[in-house]
Amino acid sequence: MPQETPAGWYPAPHANNEMRYWDGQGWQDAGPTAADAPTTPMPSLQAEQTTLAEPIQAPQAPLGSRARGIAIAALIIGIAAFLTGLVPVLGLLLALAGVTLAILALVRRQPKGLAITGLALGSVALLTGIIATTVGLAGPSTTPTAADVTDSADATSEVSPAAEPTEEPPVTEAAEAESAEEAPVAEAAEPEPEPAVSEAAAASGTIENPSPQPYVATGLFGGEKYSLTARIVDANANALVMQWNMFNSEAPAGFKYVVTELVMTGIDPDGVEPSLASYDLSLATPEGNQYDGEYIIFGDGMPSMDDGPTLYPGTSFTGYTAYIVPESAQSFLLHDNGEYVAF
């Protein structure tokens, strides 16, 4: 309130414009007399009070104008990546871009439905793009087949000209007698070499010739991940599994539990999780049937492979897995990515 404003009753800004008494220097709750209160404040003072009482409001953004550009871009690129996922390199690049934009949209709190849809499509396209790019870069095999070798030999035999017959000089009786005297005794025929064992028969990792332990597992893009040794703890463990925990599921009729012990040692410098063995390895029979691991609660002092820590080169972990197989199965192998390993 300016100092030159005369004393009187005015709307007080600090009291929601209620009438207060201004004594020339400050506001008072009561003045000399209520009858002295002016009915209408001075025009200049009224304008000033109105200006002070009105709060300054920041302009508001119109409804529905929330930023969603990144989320929409993630959805569009995710759809494009999903449709071109089997195209080498291109599908992979679009999938990476779609996943990156979807994560960025979620971090910036843009529409979640668009971002999550783009993230899902981009993730599926990323997996197919990796497979398609890997197969495309590998290229077709250049190893000659047996049919190619046969065709080449046939072509060579057709091109070679036939040898022209030569006339032999006439042989006289004296020459025949002389050659008969000098004819050496025929040497004994040398034994034919035994055929070499075919590479297919000698190859390891098959059902007929499984790989020995320790088994060394390799990653999807090459490189050794871990080594593994395994043994069968109990090949008929139905009663033992139910004894360990009452919540373990019983094996179906005609089937039984087989419990194995796995010792994994890390090789990959980046580390490897023991749970990989639970997902990668399966129990196989000599007939080629394969059975995945089952989730159960093991006994005291028997940790599951899912409970193991990250293994780095030189560190090991011993865990257990369980499989459900037909009761008639008596002989078993380990199976990992098309390779069979003997116990």
Side-chain angles (χ1 to χ4, degrees), residues 99 103 119-120 123-124 126-127 130-131 205 210-252 254-285 288-327 329 331-343:
V99 171
I103 295 175
L119 180 61
S123 300
V124 174
L126 182 61
L127 294 177
I130 291 175
I131 297 175
S211 300
Q213 298 189 34
Y215 164 70
V216 177
T218 57
L220 180 62
F221 300 104
E224 297 180 346
K225 303 292 290 184
Y226 60 87
S227 65
L228 186 82
T229 57
R231 70 180 184 91
I232 296 179
V233 176
D234 194 333
N236 191 6
N238 285 353
L240 188 61
V241 170
M242 300 309 299
Q243 178 183 348
W244 283 336
N245 193 283
M246 61 182 295
F247 297 105
N248 287 336
S249 300
E250 294 184 1
F255 289 81
K256 64 179 179 179
Y257 276 103
V258 175
V259 177
T260 62
E261 179 189 74
L262 306 178
V263 180
M264 178 186 288
T265 302
I267 297 177
D268 190 348
D270 295 331
V272 63
E273 301 297 330
S275 59
L276 283 178
S278 301
Y279 305 124
D280 294 346
L281 297 177
S282 59
L283 195 67
T285 60
N289 300 322
Q290 301 170 16
Y291 305 92
D292 295 329
E294 301 289 335
Y295 176 79
I296 67 169
I297 299 176
F298 295 93
D300 295 337
M302 299 177 66
S304 170
M305 292 301 291
D306 295 333
D307 301 331
T310 302
L311 299 179
Y312 294 95
T315 58
S316 301
F317 174 75
T318 301
Y320 297 83
T321 56
Y323 306 91
I324 294 181
V325 302
E327 289 183 345
S331 180
F332 305 101
L333 302 166
L334 280 178
H335 179 266
D336 179 25
N337 295 327
E339 184 172 353
Y340 293 87
V341 183
F343 278 99

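Computed from a predicted model, the values in this text were never measured in an experiment. Below, each value reflects all heavy atoms present in this structure, side chains not excepted, and no hydrogens, waters or symmetry copies.
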Rounded to the nearest 0.5 Å, what separation is found between the [atom1] atom of [X] and the [atom2] atom of [Y]?
| X | Y | atom1 | atom2 | value |
| --- | --- | --- | --- | --- |
| F317 | D307 | CZ | CG | 6.5 Å |
| N337 | D280 | CG | CG | 6.0 Å |
| Y323 | I296 | OH | CD1 | 11.0 Å |
| N236 | I232 | CG | CD1 | 11.5 Å |
| L283 | H335 | CG | NE2 | 11.5 Å |
| W244 | Y320 | CH2 | OH | 8.5 Å |

Of all heavy-atom pairs between [X] and [Y], which one has the smallest distance, and what is that distance?
| X | Y | answer |
| --- | --- | --- |
| M242 | N248 | CE-O, 3.3 Å |
| V258 | F332 | CG2-CZ, 4.0 Å |
| D292 | S282 | OD1-CB, 3.8 Å |
| Y257 | A322 | CD2-CB, 4.2 Å |
| I267 | V216 | CD1-CG1, 4.1 Å |
| V341 | P210 | C-CB, 4.1 Å |

- Query: So, E273 versus T310: side-chain donor-acceptor pair below 3.5 Å or not?
  - Reply: yes

- Message: For the residue pair S278 / T321, report whether a side-chain donor-acceptor contact shorter than 3.5 Å exists.
- Response: no

- Task: Return yes when atom CZ of F221 has more than 12 non-hydrogen atoms of other residues, nucleotides or ligands closer than 6.0 Å, and no otherwise.
- Result: yes

- Message: Set out, in order, the CA-CA distance, both residues' side-chain angles and the distance that settles side-chain contact (heavy atoms from CB on, under 4.5 Å) for V99 and L119, then state yes or no.
- Response: CA-CA 5 Å; V99 171; L119 180 61; 3.8 Å; yes

Quick one: are [X] and [Y] in side-chain contact, heavy atoms under 4.5 Å?
| X | Y | answer |
| --- | --- | --- |
| L262 | L281 | yes |
| F343 | L334 | yes |
| Y340 | Q290 | yes |
| E261 | T318 | yes |
| S304 | Y295 | no |

- Could you walk me through whether V241 and Q243 pass the side-chain contact (heavy atoms from CB on, under 4.5 Å) test, one step at a time? CA-CA 5 Å; V241 170; Q243 178 183 348; over 6 Å; no

- Task: Kindly determine whether L228 and D336 satisfy side-chain contact (heavy atoms from CB on, under 4.5 Å), including the steps that lead there.
- Result: CA-CA 11 Å; L228 186 82; D336 179 25; over 6 Å; no

- Query: Thinking salt bridges, do E327 and K256 make one under a 4.0 Å N-O criterion?
  - Reply: no

